[in-house]
Amino acid sequence: MASLSDIDRQLLSALREDGRESVASLARRLGVARATVSSRIDRLVSSGVIIGFTARVRDEADPLAIHAIALIEVEGKSADKVIARLRGFPEIIALHTTNGRWDLVAELRTESLSAFDGVLGRVRGIDGVVNSETSLLLSSVLR
């Protein structure tokens with residue numbers, strides 16, 4: 001993966017704020033030429049730093065209205081097997097390894113509480129998962 005310069009970091013920050021901002025506007029904001037912005041975006045995409053672009057949907061309009069964080073404890077050395085199983089869950093939008101009491105943190109989205117309950121049951125039923133704690137996210141005050 002490419003090493004990031006200060007301009008790259010500023011560009012990534014600007015794109016996180018508004019991925020649709022024009023190249024000309026980004027160039028003005030960063031104090032560089034449009035060609036520089038275009039070539040850096042192309043390089044960041046081709047090197048895998050930028051892995052995609054997406055639309056952020058207002059919470060009230062999101063059909064996947066139930067958002068939660070699941071903390072998962074894994075038995076012994078079964079983390080790789082558990083991760084492989086969890087990758088197959090379409091309701092898990094992100095999965096992170098961590099330190100401390102919990103081994104994994106999963107971000108979940110479902111369309112209903114009953115679907116959410118079903119996902120929790122499937123997560124807890126995976127061989128190697130020994131404990132979990134889940135919190136529903138009620139509102140987002142900062143993203």
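Scope of the values below: all heavy atoms of this structure, side chains included, with no hydrogens, waters or symmetry mates.
- Using a 4.5 Å cut-off between side-chain heavy atoms of Ile, Leu, Val, Met, Phe, Trp and Tyr, Ile51 forms no hydrophobic cluster with any other residue.
- To the nearest 0.5 Å, atoms NE2 (His96) and CG (Asp103) are separated by 14.5 Å.
- Separating the CG atom in Leu44 from the CD1 atom in Ile50 is a distance of 4.5 Å, to the nearest 0.5 Å.
- Here the shortest heavy-atom pairing between Thr110 and Glu91 reads CG2-CG, 3.8 Å.
- Linking ILVMFWY side-chain heavy atoms closer than 4.5 Å, directly or via other members, places Leu86 and Val130 in two distinct hydrophobic clusters.
- Leu113 is listed as a side-chain neighbour of Leu136, based on a closest heavy-atom distance under 4.5 Å.
- Side-chain contact between Phe89 and Leu95 is absent, with no heavy atoms from C-beta onward closer than 4.5 Å.
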Report task. Begin with the C-alpha distance, continue with both residues' side-chain angles, and end with the deciding distance and a verdict on salt bridge (Lys or Arg N to Asp or Glu O under 4.0 Å) for Arg29 and Glu17. Result -> CA-CA 13 Å; Arg29 185 197 293 210; Glu17 285 177 37; 3.5 Å; yes
Report task. Apply side-chain contact (heavy atoms from CB on, under 4.5 Å) to the pair Val129 and Arg85, showing each step before the final yes or no. Result -> CA-CA 11 Å; Val129 171; Arg85 290 283 313 278; over 6 Å; no
Requested in this report: Start with the C-alpha distance between Leu104 and Ile83, add both sets of side-chain angles, then the distance that settles side-chain contact (heavy atoms from CB on, under 4.5 Å), and finish with yes or no.
Outcome: CA-CA 9 Å; Leu104 301 170; Ile83 290 169; 3.9 Å; yes
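- To the nearest 0.5 Å, atoms CD (Glu75) and NZ (Lys81) are separated by 10.5 Å.
- Nearest heavy atoms, Gly88 versus Pro90: O-CD, 3.2 Å.
- The two residues Glu111 and Ile66 have their closest heavy-atom pair at C-CG1, 4.3 Å.
- Of the possible donor and acceptor atoms, none in the side chain of Ser25 sits under 3.5 Å from a partner among the backbone N and O of Glu21.
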Kindly list each side-chain donor-acceptor pair under 3.5 angstrom involving residues 4-15, sequence neighbours excluded, with atom names and distances?
residue: Ser5; atom: OG; partner: Ile7; partner atom: N; Å: 3.4
residue: Ser5; atom: OG; partner: Asp8; partner atom: N; Å: 3.1
residue: Ser5; atom: OG; partner: Asp8; partner atom: OD2; Å: 3.3
residue: Ser5; atom: OG; partner: Arg40; partner atom: NH1; Å: 2.7
residue: Asp8; atom: OD1; partner: Arg40; partner atom: NH1; Å: 3.1
residue: Asp8; atom: OD1; partner: Arg43; partner atom: NH2; Å: 2.9
residue: Asp8; atom: OD2; partner: Ser5; partner atom: N; Å: 3.1
residue: Asp8; atom: OD2; partner: Arg43; partner atom: NH2; Å: 2.8
residue: Arg9; atom: NH1; partner: Leu4; partner atom: O; Å: 2.8
residue: Arg9; atom: NH1; partner: Ser5; partner atom: O; Å: 3.4
residue: Arg9; atom: NH2; partner: Leu4; partner atom: O; Å: 3.3

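- With a 4.5 Å cut-off on side-chain heavy atoms, Glu73 and Glu133 do not count as touching.
- Within the model, atoms OG1 of Thr134 and CD1 of Ile72 stand 7.5 Å from one another, a figure rounded to the nearest 0.5 Å.
- Considering only heavy atoms from C-beta on, Leu108 stays 4.5 Å or farther from Ile93 through its side chain.
- Grouped by direct or indirect side-chain proximity (heavy atoms under 4.5 Å, Ile/Leu/Val/Met/Phe/Trp/Tyr only), Ile69 sits with Leu71, Trp102, Val105, Leu137.
- Atom-to-atom distance recorded for Leu138:CG and His67:NE2 is 11.5 Å, nearest 0.5 angstrom.
- Here Thr36 contributes atom OG1 and Leu26 contributes atom CG; the two are 12.0 Å apart, rounded to the nearest 0.5 Å.
- Shown here for Ser78 and Gly128, the closest heavy-atom pair between the two residues is OG-CA, 3.5 Å.
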